[in-house]
Amino acid sequence: MRDYPWLEEYCLNRFGSRQALEARLPQPRPVEELRALSDDRYLSTIALRVFRAGLKHSVVDARWPAFEEVFFGFDPHKVVLMSAEHIERLMQDTRLIRHLAKLRSVPRNAQMVLDLSREYGSMGNLIADWPTQDIVGLWRLMAKRGNQLGGLSVPRFLRMVGKDTFVTTGDVLAALKGMGLLDRPVATSQRDLALVQEAFNQLSADSGRPLSQLSAMLAFTVNH
């Protein structure tokens with residue numbers, strides 16, 4: 001596969017210079033920083049991603065200090081002890097986004113964080129050490145063990161914390177199909193995701209670029 005030169009040329013032509021292109025591309029966080037990030041920050045970001053889904057991000061972000069307060073700074077050891085009655089009382093707090101299913105997801109995801117931390121030493125260890133060549137495996141793990149983490153929630157959470165990952169948006173999948181790397185612009189099955197992972201692995205090997213940058217570059221080629 002030698003599709004990367006075409007992809008880079010297209011993006012350079014679109015933005016006019018390498019400097020302009022590089023300024024638009026995400027930068028994955030170093031492994032050491034991912035490892036050092038505390039479990040409460042991972043839980044906070046998971047919850048933030050859950051509440052952002054389907055809502056304007058700025059609206060959620062403006063209310064986040066109140067979420068940090070009522071969820072004890074997202075300390076998973078404290079959050080996991082919150083009872084169903086406690087969560088239901090939060091529905092009366094007008095500072096919050098009062099979505100009961102999403103509120104209930106926070107202690108459930110706190111349990112996931114605690115469980116994974118016991119298994120891997122910390123969430124930071126899990127996120128930092130997971131190989132990007134099988135990033136969809138991490139998606140599956142967190143979607144299975146967590147709550148309200150279906151669809152693109154896990155890859156978007158990983159992008160938020162700085163873990164290198166692609167995101168299977170419609171534009172990205174359409175670009176892969178247009179380049180002949182997929183036979184259809186969908187990724188709904190494990191087979192589909194395996195094909196997408198294989199395509200990104202090869203593009204990364206050809207270019208030396210991280211998955212997140214390649215994902216953005218592919219999206220730049222569609223509907224512009």
Side-chain angles (χ1 to χ4, degrees), residues 1 4 25-53 74-77 79-80 105-169 172-173 176 181-182 187-219:
M1 185 195 299
Y4 177 71
L25 298 178
Q27 296 294 331
R29 181 175 275 182
V31 167
E32 297 77 11
E33 292 184 16
L34 290 170
R35 195 183 311 283
L37 201 62
S38 60
D39 285 354
D40 61 278
R41 292 305 86 202
Y42 279 113
L43 179 58
S44 177
T45 309
I46 290 169
L48 179 59
R49 174 55 222 159
V50 168
F51 276 91
R52 276 182 175 182
F74 289 97
D75 180 337
H77 293 93
V79 173
V80 77
S105 76
V106 181
R108 293 170 181 171
N109 286 328
Q111 186 64 64
M112 174 189 68
V113 168
L114 291 174
D115 291 343
L116 292 175
S117 291
R118 279 192 291 269
E119 293 171 32
Y120 293 90
S122 69
M123 278 293 291
N125 286 345
L126 169 65
I127 301 298
D129 293 338
W130 196 278
T132 57
Q133 294 84 358
D134 180 36
I135 199 65
V136 297
L138 183 55
W139 297 4
R140 285 193 296 269
L141 175 67
M142 293 192 64
K144 180 179 179 181
R145 303 280 289 271
N147 186 258
Q148 296 276 328
L149 292 178
L152 295 181
S153 286
V154 176
R156 292 196 186 282
F157 152 73
L158 294 174
R159 185 70 64 82
M160 289 165 69
V161 297
K163 174 68 174 180
D164 188 26
T165 186
F166 53 84
V167 181
T168 51
T169 64
V172 168
L173 295 176
L176 289 174
L181 304 181
L182 289 181
T188 55
S189 69
Q190 297 305 317
R191 173 188 174 275
D192 295 333
L193 287 174
L195 289 173
V196 174
Q197 179 80 69
E198 181 181 354
F200 270 97
N201 289 349
Q202 188 60 61
L203 284 170
S204 184
D206 289 347
S207 66
R209 284 189 179 273
L211 305 180
S212 57
Q213 293 187 359
L214 293 166
S215 184
M217 292 171 73
L218 286 165

Non-hydrogen side-chain atoms of Y42 and F157 separated by less than 4.5 Å: yes
Should the ring pair F200 and F166 be called parallel, tilted or perpendicular, given that the plane angle runs from 0 to 90° and is split at 30 and 60? parallel
Side-chain touch L43/M123, heavy atoms, less than 4.5 angstrom: no
Non-hydrogen atoms of N147 and V50 that approach each other most closely: O-CG2, 4.3 Å
For R145, is there an ion pair with E119 - N to carboxylate O distance below 4.0 angstrom? yes
Rounded to the nearest 0.5 Å, what separation is found between the CD atom of Q202 and the OG atom of S207? 9.5 Å
Working to the nearest 0.5 Å, report the span between OG1 of T132 and CG of L211. 5.0 Å
Start with the C-alpha distance between L37 and R29, add both sets of side-chain angles, then the distance that settles side-chain contact (heavy atoms from CB on, under 4.5 Å), and finish with yes or no. CA-CA 11 Å; L37 201 62; R29 181 175 275 182; 3.6 Å; yes
Which atoms form the tightest heavy-atom contact between D115 and R118, and what is the distance? OD1-NH2, 2.5 Å
Pairwise distance CG(L218) to OG1(T169) - rounded to 0.5 angstrom: 9.0 Å
Are the side chains of R49 and V154 in touch, meaning some heavy atoms are under 4.5 Å apart? no
Quick one: pull up CG in L173 and CG in L181 and give me the separation to the nearest 0.5 Å. 11.5 Å
Within the 4.5 Å heavy-atom criterion, are P155 and T168 side-chain neighbours or not? no
Quick check: closest heavy atoms across K163 and I127, and the distance to 0.1 Å? NZ-O, 2.8 Å
Compare every heavy atom of L149 with every heavy atom of A143, then report the nearest pair and how far apart it is. CB-O, 3.6 Å
First locate atom CG of L158, then atom CZ of R156, and finally report the distance between them rounded to the nearest 0.5 Å. 12.0 Å
Tightest non-hydrogen contact, residues L141 and Y120, listed as CD2-OH, 4.3 Å
To the closest 0.5 Å, what do you measure between CG (D129) and CG (L138)? 11.0 Å
Can you find a pair of side-chain heavy atoms, one from W139 and one from T165, that are under 4.5 Å apart? yes
With a 4.0 Å cut-off on N to O distance, would you call R159 and D164 a salt bridge? no
Residues V113, I46; criterion side-chain contact (heavy atoms from CB on, under 4.5 Å); working and verdict: CA-CA 10 Å; V113 168; I46 290 169; 4.1 Å; yes
Are any non-hydrogen side-chain atoms of S204 and L214 less than 4.5 angstrom apart? yes
Considering only heavy atoms from C-beta outward, does the side chain of V80 approach that of P107 to under 4.5 Å? no
Sub-4.5 Å side-chain heavy-atom contact between M160 and R52: yes
